[in-house]
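Contents: one structure, followed by commentary.
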Number of protein chains: 2
Amino acid sequence: MPEDVSLTTVAARAGVSISTVSRIVNGETRRASAATIARVRDAIEAVGYRPNPVGRALRRRQSQVVGMLVANLDNPAMATIASSTEAALRSAGYVMMLCDTHDRADLQDDYLSALRAQLVRGFVMVASVPSKGLADLSAEGAPMVFVTRRAPAGRGPFVGIDDRAAGAAVADRFIDEGRRAPAVAFPQQGSSATRDRVLGFLARLAERGRPAASVIQGEGSGLSHLQVGYEAAEKIFSAGDKPDAILCVSDQIAYGVRRRALERGLDVPGDCSLVSIDGSPLNKWVAPWLVSVEIPYIAYGQEVLASLNAIWTGSASMDRLLPYRF
Amino acid sequence: MPEDVSLTTVAARAGVSISTVSRIVNGETRRASAATIARVRDAIEAVGYRPNPVGRALRRRQSQVVGMLVANLDNPAMATIASSTEAALRSAGYVMMLCDTHDRADLQDDYLSALRAQLVRGFVMVASVPSKGLADLSAEGAPMVFVTRRAPAGRGPFVGIDDRAAGAAVADRFIDEGRRAPAVAFPQQGSSATRDRVLGFLARLAERGRPAASVIQGEGSGLSHLQVGYEAAEKIFSAGDKPDAILCVSDQIAYGVRRRALERGLDVPGDCSLVSIDGSPLNKWVAPWLVSVEIPYIAYGQEVLASLNAIWTGSASMDRLLPYRF
DNA sequence: TCTCATTTGGCAAACGTTTGCCAAAGCTGT
DNA sequence: ACAGCTTTGGCAAACGTTTGCCAAATGAGA
């Protein structure tokens with residue numbers, strides 16, 4: 001299958017000019033007679049012509065590529081988002097270019113500029129980090145949608161869940177279950193997502209008669225949420241009050257908390273129940289002790305696509321909040 | 001930052017022709033005087049010129065893009081491979097385009113032809129599936145490296161571990177530990193990787209006096225290895241002999257086996273120890289009961305790059321087997 | 001000073017598209 | 001038969017790059 005078939009090949013075979021073929025390929029049916037169109041279509045079929053995306057991008061000054069920057073592909077949730085977004089984009093005729101920023105601002109900027117040079121059509125920022133390049137690009141009005149974490153600069157369409165509400169839902173559950181000593185484990189330098197979950201949780205508890213001061217709060221630092229959970233748990237378990245229910249703002253934090261709990265000889269959920277926000281399908285298999293608010297990461301892809309489409313067509317860019325499920 | 005700076009911009013500013021600038025950008029230092037080179041370099045710096053990859057690809061008929069097809073991004077091992085490969089390629093000046101084939105031949109072919117149209121420089125097939133498009137492309141001699149699973153057609157450079165040896169290593173361990181009733185859990189329609197692991201395991205056991213017929217073999221079917229393990233375990237546990245050590249050919253299979261074991265009231269590793277081949281870092285946190293042969297997925301990226309480099313420079317394409325660690 | 005080789009650099013033609021503009025042909029109504 | 005409009009389609013110029021070829025300028029040797 002020699003792939004050196006271009007508009008010229010088709011034009012020669014159909015006995016028309018390349019302009020005509022180009023127009024027909026692009027659906028400009030009003031610029032050619034029905035007979036010509038049929039002849040060209042046949043020729044296209046016969047030689048197996050496929051438009052060359054590179055030539056097209058050069059001329060149009062815009063490619064079919066959408067760039068996706070993800071903070072950490074090793075995080076299963078982000079991998080799922082990447083996978084579903086790739087599928088959605090592909091089915092709409094776009095291709096996705098994926099970059100792993102490792103949560104580093106400098107890498108993020110490198111990737112942004114490389115992608116821009118590729119004339120990408122849009123950017124999908126999954127858990128972006130604040131950076132100069134991002135701010136610039138955003139200010140220029142580049143098509144950009146933020147997933148999981150909101151835009152550092154504030155404005156920018158967002159795909160995710162209502163993090164505050166999710167936190168509040170866990171609070172409600174704890175109260176309804178009659179928990180005496182609720183706690184929360186979260187990362188020291190959290191993103192908008194983890195922060196909002198904690199805030200929603202504490203706010204709802206306060207509304208229902210449990211002021212924030214009475215809630216055991218454990219924060220952890222470290223690169224991975226596993227480590228964060230492990231550290232946060234230490235603080236929580238060595239607090240004066242013994243917690244009987246802990247909100248972990250992500251699955252991985254819950255894994256870390258649980259490990260520390262085991263090391264301390266605590267039974268989960270016997271002595272202390274763990275609730276997390278994420279809901280990886282893996283939990284059912286490796287963490288049956290964990291109750292989780294399930295986030296439909298698998299559905300993120302189509303929302304991202306819808307959001308990009310809205311931007312491209314000039315509609316108002318609005319946030320897309322997906323339903324979570326307890 | 002208006003990004004409409006091209007060779008023309010630089011040429012005008014430096015007072016030379018675009019040919020000269022192009023040659024200097026591409027390191028053809030012998031085609032211009034030192035003074036000219038300096039002047040051009042300054043101009044490049046001043047206007048912030050970056051070569052346009054699209055124009056370049058069109059002219060060179062070859063882009064800096066490397067296409068990566070992965071069977072399932074939700075699999076943490078593959079996500080890690082994708083991440084490390086992306087990093088390695090990026091640091092060598094390439095960009096990676098990632099596609100998730102969901103292990104489907106038709107999608108794989110779609111992606112292959114889309115990537116080819118993008119004039120990609122090479123293909124990285126992570127756990128590829130046999131397909132017509134793959135066979136054609138491979139026959140044409142497209143630069144292609146196979147990761148984790150060997151080329152369906154046989155020939156093609158491979159990056160992975162020595163799967164038979166890994167299986168054998170587990171066999172040795174079982175014998176050395178004095179296990180009475182070893183078993184193995186594996187997928188019904190396995191890849192070259194899982195097949196080789198089982199073969200290596202059984203062969204070594206046979207060498208050391210345990211003919212294959214005496215080994216409990218449980219195969220499972222299903223989309224995910226979790227399910228495979230769950231099914232395989234059922235067969236293994238309901239066999240006449242009660243196993244006291246099971247080789248699970250992947251981490252996820254081990255998770256499935258363990259779940260079934262729990263349901264049957266078996267203690268792991270008390271009643272029966274589990275050994276898997278994969279070694280996800282997550283194991284330490286969520287599956288401390290699992291012993292694993294650790295595969296250095298994080299190091300795959302650089303090997304993939306090295307393999308591609310070998311192909312591009314015309315060297316003999318050889319397999320790259322990485323060391324595993326018990 | 002002349003010849004010849006080397007250095008230095010520009011011209012122009014590609015690569016595969018898209019699209020503004022022009023022109024030929026076909027129609028309509030007078 | 002003629003003006004004017006619509007349909008149909010081609011020409012050619014871009015988009016940003018690379019590169020074969022040619023030419024001017026420089027330098028060396030005679």
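Residue numbers start from 1 in every chain, and the chains themselves are labelled A, B, ... in the order their sequence lines are given, proteins ahead of strands.
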Tell me what [X] touches on the nucleic acid: a base, only sugar-phosphate, or nothing, going by heavy atoms under 4.0 Å.
{"X": "Val25(B)", "answer": "nothing"}
{"X": "Val54(B)", "answer": "nothing"}
{"X": "Thr36(A)", "answer": "sugar-phosphate"}
{"X": "Ser19(B)", "answer": "base"}
{"X": "Arg31(A)", "answer": "base"}

*Residue met sooner reading DNA chain D from 5', once Gly55(B) and Ile37(A) are mapped to nucleotides*: Ile37(A)
_Qualifying residue for side-chain contact (heavy atoms from CB on, under 4.5 Å) with Tyr300(A), from Thr148(A), Leu305(A), Thr80(A)_ = Thr148(A)
*Side chain of Arg59(A) only, please: which of dA13(D), dC11(C), dG16(D) is the nearest?*
dA13(D)
*Please tell me which of the listed nucleotides, dT18(D), dT18(C), dC11(D), lies nearest to the side chain of Ser22(B)?*
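Of the candidates, dT18(D) comes closest.
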*State whether the distance check finds a donor on one side and an acceptor on the other, under 3.5 Å, for side chain Arg60(A) versus base dG16(C).*
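Between dG16(C) and Arg60(A), which were checked side chain against base, a qualifying N/O pair under 3.5 Å is absent.
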*Can we say Asp103(B) and Arg149(B) salt-bridge, meaning some charged N sits less than 4.0 Å from an Asp/Glu carboxylate O?*
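Salt bridge present between Asp103(B) and Arg149(B).
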*Do side-chain atoms of Gln108(A) reach the backbone of Val129(A) as a donor and acceptor pair under 3.5 angstrom?*
yes
*For residues Thr36(A) and Ser33(A), is any side-chain donor paired with an opposing acceptor at under 3.5 Å?*
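The criterion, which ignores hydrogens and geometry beyond distance, is satisfied for Ser33(A) and Thr36(A).
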